[in-house]
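Worksheet: one structure, shown below.
Only a predicted model underlies this, so the values are computations on that prediction, with no experimental measurement involved. So that the names make sense, note that chain A is the first sequence line, chain B the second, and so on, each numbered from 1.
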There are 2 protein chains.
Amino acid sequence: MKSKSNHTKSFMIYEELVEKIQNGTYQPNTKLPTEHEFMQQYEVARGTIREALQMLYQNGYIQKIQGKGSVVLDIRRKYNFPITELVSFKQIAKAMGGTSRTILQELSLIKPDAFIQTELNVSTAAEIWKVVRTREIDGEKIILDVDYFNKQYITFLTKEICEDSIYEYIENELQLSIGFAKKEILVEEPTEMDRTYLDLEGFPNVVVVKNHVYLEDITLFQYTESRHRPDKFRFVDFARRFANYSYPNM
Amino acid sequence: MKSKSNHTKSFMIYEELVEKIQNGTYQPNTKLPTEHEFMQQYEVARGTIREALQMLYQNGYIQKIQGKGSVVLDIRRKYNFPITELVSFKQIAKAMGGTSRTILQELSLIKPDAFIQTELNVSTAAEIWKVVRTREIDGEKIILDVDYFNKQYITFLTKEICEDSIYEYIENELQLSIGFAKKEILVEEPTEMDRTYLDLEGFPNVVVVKNHVYLEDITLFQYTESRHRPDKFRFVDFARRFANYSYPNM
DNA sequence: AATTATTTGTACGTATGTATG
DNA sequence: GCATACATACGTACAAATAAT
C-alpha cells in the first residue's frame, strides 16, 4: 500500500511502529514505550512522536490511556482484513493469501447515460471509461466490479492496466492523489450482468458496494459498483466512539 | 449525540464549526476562513484551530488543500446518515425522521454458552445480560438487535432502559466511556429468531452487523448482532485514502 | 489517606517548508 | 519573484489521570 511521497518524520516513525506491531516486536495488550522514551530514541520533539502515535490510534493499532500509556490492540491481527481504508482489490487479494485472478470483461469509452451523469456529475458531452472486471477467488467468480472513470482526469487506460491495478496506475503513473471516497453498502437483486459474469449459484441477491471516489482537490473522478455474491461478502470496520479528538501537539 | 465531557477549546470550536456547516453558514464548495482568521476570531493559537479543522477533516466535513484553504464538502449533507461512527439506534431513528419504535422481546441474565464465551472472552462462571429488541420503522419490523452485556461492567438493566437507549444509560448513568468498536458486516440465512421477530416477507437472508464494543480502558463489555431485512439495509462509510496524516500542531 | 512521580492531554509560541495564485 | 495559506517540526508550560510511595 503505497501512495504519494510522505517522508515526514512522524509518518516514517508511524510506519516503523506499524511494522514492529505487525512483526510482534510490540505484543498485543502490552504497553509501548512512553512518549519520552520515543523522543530520546528517535531524537525528535514530543509532538512528532505524538503525531505518529495518533496515526496508530486512529487506525486501531493502539489505545491511548491518559496517565498510563499506549496499549497495543490485537483487533487488527484478529481480523486480518483491510479495515475501512481505501484499498484496491490487488491489495485485498494479496492480504487474503488464496489464489485470485482478475478477468477483464469490458473496456470501452462511452457517453454517459442519465444514471452515470448523475453519479459522476457530468454532462452528456463527457467521455467516460467503462471497465467491467470479474474477480475470481479460488476458482469462483464472486465479485463483479463495474467502474466508470471520467476521461477528463483518467485520460488513458489499457487492458494491461485494468488487469493489474488501476489505482497503482493512477497514483504512480498519472501522479494523481486520491483523496477520499464515500462508500455505500446495499443489497440488490442480481442484474442480467451479475448473472452472466458471476457464479451466483442460485443466490437471489447480491451485496453492492457503491463507491464515489474523489481526488485530493475534490474532483469526483470515479464511480464504482462492486457487486458481491452474498455468501462471500465481508466488510470489517473499526469505529471510535468520538474519534476521541485528542490531537498531537504542539 | 453526547458523551463524556469535552470542554477543550479545540473541541468547542469544532462543534461550533459543525453547527455552522450544518445550518448553512458555511456553504458546500466554498472556503472556510483561513486558519489565521480563525485564530483572531477565537483568540487562540494556530495549533488549536488546526486541531478543530483536523476533526472536521477526519469526519468528512471539509477538505484541506495546502496553499489554498479548507473547502466545505457536501458529502455529509447528501447522505444524511450516520457515517462510520458508533451511534445508537435512537440517534439513527432521530436522524431519519420517520416513525420508529423499539419493542423489547427479551431481557434476561444468562450463563454464556460456548459462542458467547468466545465472543465476550469470558468463562462459564460469568453472568451476561441478554437483550433482544425489535426495531420497527414505519410499521415494519426490519431490525432485530441481539445484545450481550458483561454484567461485570453493566451491573444493572431494566425494561425502561432497554426501550430507551442503553448507550445513553451506560455513558450518562453508569459514567462509563465507550472507546471503540469492531464491526463486521455479513449476509446470513435467517434463524428461527429472525423469522419470528422480523417481517421478513420471504427474504431468504438477512444482513448481520456483528459488533464488539470496548470501553476506553480496552475492556470488552458488549457483543451485539444487528440483524437487518436486506431490502432495508444501508451502510454509509467515508474513507480517506491515507487518512492524510497531516496533524495539527505545534 | 495524602503526596509525589510518571505519563498522556491541551495550549501557547516560533521557525521554516511547501503548494497555490 | 512575491504574498498567502496550509504543513511540519521544535520547544515550553501546565493540566489531568494514573501509579507508586
- Message: For Tyr214(B) together with Phe221(B), are the ring centres under 6.0 Å from each other?
- Response: no
- note: Ile13(B), atom CD1; dT10(C), atom C1'; distance rounded to Å ~ 12 Å
- Round to a whole Å and report the spacing from CD of Gln63(B) to P of dC6(D). 13 Å
- Task: Could you list the residues that satisfy side chain to side chain contact (heavy atoms under 4.5 Å, CB included) with Thr155(B), not counting sequence neighbours?
- Result: none
- Task: Determine yes or no for a side-chain-to-main-chain donor-acceptor pair under 3.5 angstrom, with Arg240(B) supplying the side chain and Tyr57(B) the backbone.
- Result: yes
- Query: Within this structure, what is the OH-to-P distance between Tyr57(B) and dC6(D), rounded to whole angstrom?
  - Reply: 14 Å
- Rounded to whole Å, the CD1-P distance (Ile49(A) to dT8(D)) equals 16 Å
- Can you check whether Glu216(B)'s main-chain N or O pairs, donor with acceptor, with Gln63(A)'s side chain at less than 3.5 Å? yes
- Item | Interatomic distance where NZ belongs to Lys9(B) and C1' belongs to dG9(C) [whole Å] | 14 Å
- CE of Met39(A) versus P of dA9(D): gap in Å, rounded? 14 Å
- Query: What about the rings of Phe235(A) and Phe235(B), do their centers lie closer together than 6.0 Å?
  - Reply: yes
- Query: Whole Å only: how far is the CD atom of Glu216(B) from the C1' atom of dA16(D)?
  - Reply: 14 Å
- Message: Run the side chain to side chain contact (heavy atoms under 4.5 Å, CB included) test against Lys68(B) and tell me which residues pass, sequence neighbours left out.
- Response: Ile65(B)
- Message: Treating primed atoms plus P, OP1 and OP2 as sugar-phosphate and everything else as base, which nucleotides of nucleotides 1-8 of chain C get B, S or - for protein heavy atoms under 4.0 Å?
- Response: ------BB
- Message: Measuring to OP1 and OP2 of dA11(C), would you say a side-chain N or O of Ser10(B) lies under 4.0 angstrom away?
- Response: yes
